[in-house]
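Comments concern the structure below.
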Amino acid sequence: MEKKNIDWSNLGFGYIPTEYRYVSNYKNGTWDEGALTTDSTVVINECAGVLQYAQTVFEGLKAYTTEDGRIVTFRPDLNAARLESSALRLEMPAFPQDRFVDAVTQLVKANAAYVPPYGSGATLYIRPYIFGTNPVIGVKPADEYQFRVFCTPVGPYFKGGVRPLTIRVCDFDRAAPHGTGHIKAGLNYAMSLHAIVTAHQEGYDENMYLDAATRTKVEETGGANFLFVTKDNKVVTPKSPTILPSITRRSLVHVAKEYLGLEVEEREIYVSELKDMAECGLCGTAAVISPVGKIVDHGTEICFPSGMSQMGPITKKLYDTLTGIQMGRLEAPEGWIHVIE
Ligand code: PLP
Ligand code: COI
């Protein structure tokens, strides 16, 4: 199979349409059998539930070319399970988890020419989502839905590639106690748009959201969880019922303990502790692990000893081990790598 003529090494994180997408529709209480299509447009009624009341949930995962030339995805079963919990929270029908993995597999296989080559620094980002399609004008769930998966080749999420970021402690909240912060719903991201636009205007790469109830604890950013390293090399990551249960973070906790022999704490982290941390990183499918060099808390700069020119040493080890597993350079734990072809 011949790869598309794309400048893989200079890709940013943007949308480039590929040839195929997967679609299944839900009507009268069941999902149809689903199929690949080349049609990248969605035609829905002007009053569709997704347009009026933001009834949409999504996922994000990647396909990688491994060192030995296979195409694989990373823990797609966990994305399938999380999409189900997101859907149920918004009163949407779950898409069967085995069918989710099958749809992703079919999609990636059909678009194999768009999977970036090994060593290019790019990957194929896969975006599964479900949205309400039939007219809804009173506030209630839709009766009809579409499950769709498209994919797009991507480079690094943050402009300039892997470089230490500067983030600010944000005065806006992303998620309410007992709200929807723990699911991957479009509405959470709409909430964050004003905050990210103003952060960029002020020269920051991202926002650090705090817990909305007390505004004393670290939650996450608009698109990634946090990981910190203490001065005695412990990996510490926030535990909160209002953040997204990141698959990357859960994987890194395992990698830190089982591959690197590090002590890991998943616990509440207070803003007041940040000044004592040695390293900080953002972790997620899109972010992979993006190092943070500086956090600005209302004019007070917290500069991590790892500096603004490179990743901290433990963050680097975590990054190398995780990407080594994803790209087939290191042996993966049982069930983590799903081979497409
Ligand atoms: N937190 C938020 C708000 C996200 O959007 C994402 C991205 O999916 C993550 C964390 C990281 O999750 P994952 O590692 O499963 O991609
Ligand atoms: C992902 O990492 O898959 C996400 O959905 C984050 C988003 C900000 C691109």
Side-chain angles (χ1 to χ4, degrees), residues 11-16 56-64 73-86 89 100 104 122-130 149-159 162 165 167 170 172-176 179-193 195-197 199-200 205-212 218-227 237-256 266 280-290 292 318-319 322-323 325-326 336 338:
L11 286 175
F13 196 86
Y15 171 71
I16 298 171
T56 178
V57 293
F58 69 101
E59 271 305 321
L61 68 162
K62 284 175 169 172
Y64 309 84
T73 53
F74 183 70
R75 311 188 78 179
D77 51 317
L78 297 188
N79 295 97
R82 194 171 61 187
L83 188 69
E84 173 164 334
S85 69
S86 297
R89 176 65 177 79
F100 175 106
V104 167
T123 52
L124 187 76
Y125 185 71
I126 304 163
R127 175 52 64 85
Y129 55 122
I130 308 176
V149 197
F150 66 80
C151 57
T152 182
V154 295
Y157 186 67
F158 292 100
K159 266 200 203 101
V162 181
L165 306 171
I167 64 179
C170 186
F172 298 102
D173 293 324
R174 179 177 186 276
T180 55
H182 61 298
I183 63 162
K184 209 159 165 58
L187 59 92
N188 292 332
Y189 298 79
M191 286 277 286
S192 73
L193 295 177
I196 193 64
V197 167
H200 286 163
D205 295 297
E206 252 294 358
N207 287 300
M208 169 182 273
Y209 292 101
L210 305 183
D211 72 297
V218 176
E219 292 262 282
E220 60 178 331
T221 68
N225 282 180
F226 278 104
L227 272 184
T237 184
K239 186 173 178 173
S240 160
T242 50
I243 64 174
L244 193 76
S246 159
I247 293 162
T248 314
R249 186 245 304 159
R250 286 182 269 161
S251 303
L252 285 168
V253 165
H254 181 87
V255 162
E266 296 180 76
C280 172
L282 308 182
C283 62
T285 299
V288 192
I289 308 180
S290 302
V292 175
L318 288 167
Y319 179 91
L322 179 72
T323 54
I325 290 169
Q326 290 167 333
W336 278 24
H338 176 79

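Keep in mind that the numbers below use all heavy atoms, side chains included, and drop hydrogens, waters and symmetry copies. Atoms within a ligand are numbered from 1 in the order they appear, just like the ligands themselves.
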Need the ligand 2 atom indices (1-based, order shown) with element for anything under 4.0 Å from a heavy-atom of Y125. 1 (C), 3 (O), 4 (C), 5 (O)
Nitrogen or oxygen atoms of K184 and ligand 2 under 3.5 Å apart: yes
Can you spot which of E220, E219, H182 makes a side chain to side chain contact (heavy atoms under 4.5 Å, CB included) with L244? E220
Near ligand 1 (heavy atom, under 4.0 angstrom), the protein residues are R82, R174, K184, Y189, E220, T221, G222, G223, A224, N225, L244, S246, I247, T248, C283, G284, T285
Subset of ligand 2 atoms that lie under 4.0 Å from at least one heavy atom of A286: 1 (C), 2 (O), 9 (C)
Tell me, please: is R127 in heavy-atom contact with ligand 2, that is, under 4.0 Å? yes
Compute the centroid of each ring, for F150 and then for Y15, and state whether the two points are separated by less than 6.0 Å. yes
Minimal heavy-atom distance between V149 and V104, with the atoms involved, is CG1-CG2, 4.5 Å
Can you sort out the partners of A212 under side-chain contact (heavy atoms from CB on, under 4.5 Å), two or more places apart, ordered by chain and number? D173, P177
Does the side chain of R127 come under 3.5 Å of the side chain of Y125 through a donor N or O and an acceptor N or O? yes
Out of all atoms in ligand 2, which are within 4.0 Å of some heavy atom of G223? Include the element for each. 6 (C), 8 (C)
Short list, please: which atoms of ligand 2 are under 4.0 Å from a heavy atom of Y157? 8 (C), 9 (C)
Can you measure from OG1 (T285) to CG (L61) and round to the nearest 0.5 angstrom? 7.0 Å
Quick one: which residue pairs count as a salt bridge (charged side-chain N to carboxylate O under 4.0 Å, His left out) with a foot in residues 239-249, not counting sequence neighbours? R249-E266
Contact atoms of ligand 2, heavy-atom distance to F58 under 4.0 Å: 5 (O)
Nearest heavy atoms of A195 and N207, plus distance in Å: O-ND2, 3.0 Å
Under the side-chain hydrogen bond (donor to acceptor under 3.5 Å, both in side chains) rule, collect the residues that match up with Y209, sequence neighbours excluded. none
